[in-house]
Amino acid sequence: MCKLRKYIEPTVVTGWKAYDENPYNESYNPSGVIQMGLAENQVSFDVLEEYLEKHSEATNWGNKSCGFRENALFQDYHGLLSFRKAMASFMEQIRGGRVKFSPERLVITAGATAANELLTFILADPGDALLIPTPYYPGFDRDLRWRTGVKIVPIKCDSSNNFEITPESLEAAYNEAVSMNIKVRGVLITNPSNPLGSTIKRSVLEEILEFVTRKNIHLISDEIYSGSAFSCTEFVSISEVLEARGYLEAERVHVVYSLSKDLGLPGFRVGTIYSYNDKVVTTARRMSSFTLISSQTQQLLASMLSDKEFTQNYIKINRERLRKRYEMIIDGLRRAGIECLKGNAGLFCWMNLSNLLEKHTKEHELDLWKTIVHEVKLNISPGSSCHCSEPGWFRVCFANMSERTLEVALRRIHDFMEKRSLIV
Amino acid sequence: MAIEIEKPAVGLSKVAVSDTHGEYSPYFAGWKAYDENPYDELWNSSGVIQMGLAENQVSFDLLEQYLEKHSEATNWGNRTSGFRDNALFQDYHGLQSFRKAMASFMEQIRGGRAKFNPDRIVITAGATAANELLTFILADPGDALLIPTPYYPGFDRDLRWRTGVKIVPVHCDSSNNFEITPQALDAAYNEAESHNIKVKGVLITNPSNPLGATIKRSTLEEILEFVTRKNIHLVSDEIYSGSTFSGEEFVSVAEVLEARDYKESDRVHIVYSLSKDLGLPGFRVGTIYSYNDKVVTTARRMSSFTLISSQTQQLLASMLSDRTFTENYIKTNRERLKKRHQMIIDGLKNSGIECLKGNAGLFCWMNLSPLLEEPTKESELTLWKSMLHEVKLNISPGSSCHCSDPGWFRVCFANMSEQTLQVALTRIHNFMDRRKAMKSSPDFSSY
């Protein structure tokens with residue numbers, strides 16, 4: 001077998017195992033492990049189900065006899081035009097209509113996992129590097145490096161300035177790569193950020209754009225949480241920054257999107273690449289042959305996302321509900337004496353337990369994490385699994401459970417903190 | 001106005017700028033001619049008829065009937081958690097109900113002569129993804145897979161582009177009906193060795209594309225003996241297994257393994273898909289079935305880049321676990337393909353054209369070598385252009401399939417109505433008549 005390295009993060013596996021062996025269930029297993037390590041959006045399914053109930057034609061090809069056949073035969077790597085139009089429109093609505101997307105620049109992939117890997121194959125050679133701000137989504141270690149042979153060099157961010165990306169940290173990462181004789185091909189940012197749960201400021205986006213332009217490298221902006229910003233105005237997309245400058249230097253910019261988070265449809269494998277670079281669009285399209293979206297699913301989503309009444313309502317309600325959940329968890333944690341990074345997006349909060357650490361080391365963070373998994377029975381994600389340079393931070397998901405379950409989790413944390421203060 | 005200074009454009013990778021995507025071959029040029037002037041019975045009866053696309057359109061009514069009777073297959077039934085559970089399901093193991101249904105369907109296609117364990121099935125978005133995934137797993141960049149010629153032109157991209165793996169052809173020719181021989185296998189292996197290229201496996205397509213014929217049991221045994229001797233892998237792409245014209249003619253490598261108690265089976269991997277047998281290429285339903293535990297585990301992890309939509313898995317779990325449906329479908333689909341095949345073979349024979357004896361697939365392997373001015377690839381391409389621009393039929397030239405004998409063409413017959421096939425046969429007949437007439441006229445240098 002060929003030489004492949006394993007990229008399965010051990011803590012992720014351990015946490016999952018603990019959950020799988022003893023999963024919380026409100027009725028059957030109220031003392032089980034609560035899964036708070038899975039960034040899923042379960043708060044708005046009813047809105048989707050309502051749509052499906054009213055629009056059976058979205059899933060049964062209507063009454064046209066050629067509806068099913070045409071759809072079943074459609075394997076064109078351009079993707080269904082109706083689907084691309086609907087996606088482009090949805091992406092515009094998420095950005096409050098502040099920017100336009102051309103359906104001709106949309107490339108379809110089976111999920112954002114595929115989109116990110118595909119872009120890496122296209123923008124970098126084996127041995128080259130992408131710069132990624134820490135802390136970052138643990139899946140990137142596999143998605144961007146495994147089959148591509150491309151390296152990740154971290155752009156170190158820390159709590160001294162709320163983990164913001166700075167020009168100094170960008171330069172430092174670039175120089176680190178150069179010192180190791182590694183060619184840097186691009187920067188990949190996630191905006192809104194996973195695991196921070198916050199959007200990147202416009203001024204920072206402009207600094208990043210200036211940096212990649214100066215170095216003549218690419219910029220990938222993974223915006224899969226864009227529809228999960230708690231308010232429409234807080235999220236600034238890289239596409240808005242480009243539009244404001246007349247799309248100057250746009251051909252180095254590529255946006256990744258997916259419906260796995262905003263719409264809660266990870267099973268349907270719906271990802272896209274939106275590139276301002278013609279060659280990248282053409283090549284990505286050809287390469288997407290290895291990872292196309294089922295035409296059956298494209299059809300369903302073309303129907304759903306072209307319904308403006310549905311989408312506007314969905315976007316609004318989803319935002320409100322996520323914001324409500326976020327406030328609930330922040331308040332609950334605060335009452336337990338725990339602070340989080342100020343967040344405004346996403347399905348998780350970035351919790352600071354550094355003052356609970358005996359020593360500020362990764363090992364002590366992992367000890368604390370094991371306690372939380374096995375004693376408090378909450379599977380949360382330790383910052384070290386996200387390559388956070390500061391020990392003691394944890395990502396805690398809040399949208400993949402009912403409000404009641406979240407309350408149970410908060411109570412457990414409260415009790416845990418009480419016991420700790422007594423001991424200390 | 002300031003003079004603009006030429007800045008170097010931001011660069012792309014070597015993979016991105018290479019031509020290994022293969023879109024400059026005649027296989028794709030024919031598509032262009034068709035796209036610009038597509039045949040339509042009513043609106044464009046003199047347009048180009050697409051005979052270069054291996055699609056199965058003969059059995060859609062059976063699928064449509066099923067869907068009409070089983071709305072729960074596409075609307076998640078009345079359970080409120082049906083939609084949610086399905087939409088959230090992104091486990092790379094794939095839906096168990098789907099894997100069970102696929103395993104059962106694969107068994108039925110093989111007449112129950114081999115068993116398939118659902119836990120060995122890995123799901124991928126199409127066979128295109130499955131073949132590439134196996135290549136990543138079984139070989140390193142610079143290594144090679146041996147593939148019998150002629151082969152599906154897509155392999156050049158699918159197996160080589162991102163993987164950096166090479167293809168070394170196992171040359172087969174018309175002297176023995178293009179059968180794979182031990183000598184041809186050894187010759188290919190030695191050729192690779194002489195170039196210092198490490199061979200990691202053999203990939204066969206059974207039934208064969210473009211030959212439209214199944215591989216004999218004895219040949220499969222020889223191939224298995226060869227890969228065992230060389231200690232390399234065997235990938236058997238069986239995506240046309242449900243499109244054999246009779247139930248008994250197809251022997252799967254799974255049956256050969258079963259007959260020998262699965263000895264040495266951890267070097268064998270089967271690829272399957274619903275794109276051909278069920279005519280559902282748009283739904284992206286592919287699978288890898290491996291007898292090697294490590295390959296199953298690794299392929300499963302790698303399938304994260306190319307999973308099947310859980311919505312589609314659900315539909316197919318429902319459809320393929322319905323034995324009344326599957327048994328009827330397999331039987332009817334075979335009969336109809338056999339009928340189409342008979343129709344095209346007879347029609348070509350009436351025009352004085354012979355084909356390789358076929359028993360499977362959506363195409364026939366047509367011999368036009370007597371028409372070539374010279375037995376060369378260039379003559380073949382000249383003839384192909386005539387077929388495309390004068391006869392207005394897009395067929396696939398053997399050279400695009402790396403066939404070493406010039407003059408052979410793959411002609412698809414299942415992606416159109418019977419009427420359209422009739423029109424195509426008439427055009428070929430007229431073309432051949434014209435050729436005969438010109439040949440017998442004193443001044444035939446004008447052709």
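Just so it is clear, the structure is predicted and the values come from calculations on it, not from any experiment. In what follows, chains are A, B, ... by sequence order, proteins preceding strands, each numbered from 1.
Residues A:Trp146 and B:Arg301 share a closest heavy-atom pair of CH2-CB, 3.8 Å. In terms of heavy-atom proximity, A:Ser294 sits nearest to B:Thr312 at OG-OG1, 2.7 Å.
Separating the CD atom in B:Glu68 from the CG atom in A:Asn60 is a distance of 10.0 Å, to the nearest 0.5 Å. The CZ atom of B:Phe305 lies 14.0 Å from the CZ atom of A:Phe290; values are rounded to the nearest 0.5 Å. With rounding to the nearest 0.5 angstrom, the CZ atom of B:Arg284 is 8.0 Å from the OG atom of A:Ser289. Atom CD in A:Glu49 sits 4.0 Å away from atom CZ in B:Arg84 (nearest 0.5 Å). Taking CG from A:Leu265 and CZ from B:Phe89, the interatomic distance works out to 15.0 Å, rounded to the nearest 0.5 Å.
B:Leu307 touches chain A through backbone and side chain together, each having a heavy atom under 4.5 Å away. Both the backbone and the side chain of A:Gln296 come within less than 4.5 Å of a heavy atom in chain B. If you measure heavy-atom distances from A:Ile217 to chain B, the contacts under 4.5 Å come from the backbone alone.
Aromatic ring pairs are classed by plane angle as parallel below 30°, tilted from 30° to 60° and perpendicular above 60°; the pair A:Phe68 and B:Phe60 is perpendicular. In this pair, A:Phe45 and B:Phe83 present their aromatic rings perpendicular. The plane angle is above 60°, beyond the 30 to 60° band.
With respect to chain A, the highest number of heavy-atom pairs below 4.5 Å among B:Ala73, B:Ala87, B:Ala16 belongs to B:Ala87. In terms of heavy-atom pairs under 4.5 Å with chain A, the best-connected choice from B:Asp158, B:Asn131, B:Asn415, B:Val10 is B:Val10. Here B:Pro281 is the residue among B:Ser275, B:Pro281, B:Gly286 with the most heavy-atom pairs under 4.5 Å with chain A. Most heavy-atom pairs under 4.5 Å with chain A, from the set B:Leu315, B:Leu88, B:Thr74, B:Thr306: that is B:Leu88.
With hydrogens and angles disregarded, no donor-acceptor distance shorter than 3.5 Å links the side chain of A:Asp125 to the backbone of B:Ser13. Looking at A:Arg147, its side chain never comes within 3.5 Å of a backbone N or O of B:Leu133 through a donor-acceptor pair. Between the side chain of B:Ser310 and the backbone N or O of A:Gly267, at least one donor-acceptor pair lies under 3.5 Å. A donor-acceptor pair under 3.5 Å is formed between the side chain of A:His218 and the backbone N or O of B:Gly11.
Remark: A:Lys215 NZ is packed, more than 12 non-hydrogen atoms of other residues, nucleotides or ligands lying under 6.0 Å away.
With sequence neighbours excluded, no residue satisfies side chain to side chain donor-acceptor pair (under 3.5 Å) with B:Thr124. Here A:Tyr77 pairs with B:Glu23 under the side chain to side chain donor-acceptor pair (under 3.5 Å) rule; sequence neighbours left out.
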